[in-house]
Amino acid sequence: MSGPDLRRAAAERAVALVRDGMRLGIGTGSTANVFVELLGARVRAGLDVVGVPTSEATRVAAEAAGIRLATLDDLPELDLTIDGADEIDGAMRLIKGGGAALLREKIVAFASRRMVVIADAAKRVETLGAFPLPIEVNPFGLGATRRAVEAAVAAAGCTGRIVLRAGAGGAPLLTDGGHHILDAHLGRIPDPEALSAALWAVPGVVEHGLFLGLATGAILAEARDGAAHVICLGAV
Ligand SMILES: O=C(CO)[C@H](O)[C@H](O)COP(=O)(O)O
């Protein structure tokens with residue numbers, strides 16, 4: 001049983017949640033890509049939905065799959081968002097942004113009545129933080145913002161390296177919004193709410209990858225007895 005099999009199992013369960021007429025938020029990443037592929041097959045078989053993609057990469061994939069797309073200007077309220085995650089804890093708090101799409105992902109999730117996470121069950125953790133926390137920052141004043149982020153991280157009881165994420169070619173990565181990402185290698189985040197508040201207080205921070213109180217459900221796939229099984233958390 002491989003990672004791709006588990007991603008497919010979670011995405012298959014998620015696509016079964018989609019009903020005719022739904023306004024969907026469509027996530028980013030390898031698991032969300034499988035969802036896009038499966039949703040496209042249902043659309044071609046006659047399902048009528050409209051989707052808001054959370055990244056340029058997802059927009060391209062969804063268009064190629066034949067999914068009708070809109071923006072949050074056209075559709076400010078969505079019925080359901082399906083997205084991946086880098087970590088999920090027992091309270092369905094998430095770390096997201098491994099694919100650098102956290103800003104649009106959070107805007108779309110916030111505009112959505114329900115957000116269901118799809119992931120390999122290996123992403124489930126006791127305490128968030130083993131996955132480096134992505135922090136999206138404005139390029140202006142990067143050095144000062146970085147210092148302020150380090151202070152905010154310390155004030156929230158965390159320690160660790162803050163690394164500017166590089167893109168292809170080694171230059172600092174630029175997100176779809178034209179920002180940089182600082183990855184905070186914290187190991188553990190004892191109080192995600194405190195860290196969230198501390199980061200939001202830094203002017204150059206555009207958004208961070210802690211998704212707190214946004215996920216309403218999760219579909220996690222694990223291998224058991226040579227087959228993929230899904231575990232559902234929350235309302236799915
Ligand atoms: O937050 C994300 C992108 O910004 C992704 O949802 C997250 O990185 C999980 O990706 P994958 O399904 O490829 O493991």
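Every number for a ligand or one of its atoms is a count from 1 in the order of the listing. Quick caveat, the model's predicted, so the values are computed rather than measured.
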His180 side-chain N/O to Leu173 backbone N/O, donor-acceptor pair under 3.5 Å:
yes
Is a side-chain donor or acceptor of Glu87 paired with a backbone partner of Ala130 at a separation under 3.5 angstrom?
yes
Please say which of Val43, Leu38, Asp79, Leu24 ends up in a side-chain contact (heavy atoms from CB on, under 4.5 Å) with Val18.
Leu24
Residues Lys96, Asp83: salt bridge by 4.0 Å N-O rule
yes
Could you check whether any side-chain N or O of Asp86 sits under 3.5 Å from a backbone N or O of Gly97, counting only pairs where one atom can act as donor and the other as acceptor?
yes
Residue contacts for ligand 1, heavy atom to ligand atom, distance under 4.0 Å:
Thr28, Gly29, Ser30, Thr31, Asp83, Gly84, Ala85, Asp86, Lys96, Gly97, Gly98, Gly99, Ala100, Ala101, Glu105, Lys123
State whether Arg8 and Glu37 are salt-bridged, where the test is any N-O pair (Lys NZ or Arg NE/NH1/NH2 against Asp/Glu carboxylate O) under 4.0 Å.
yes
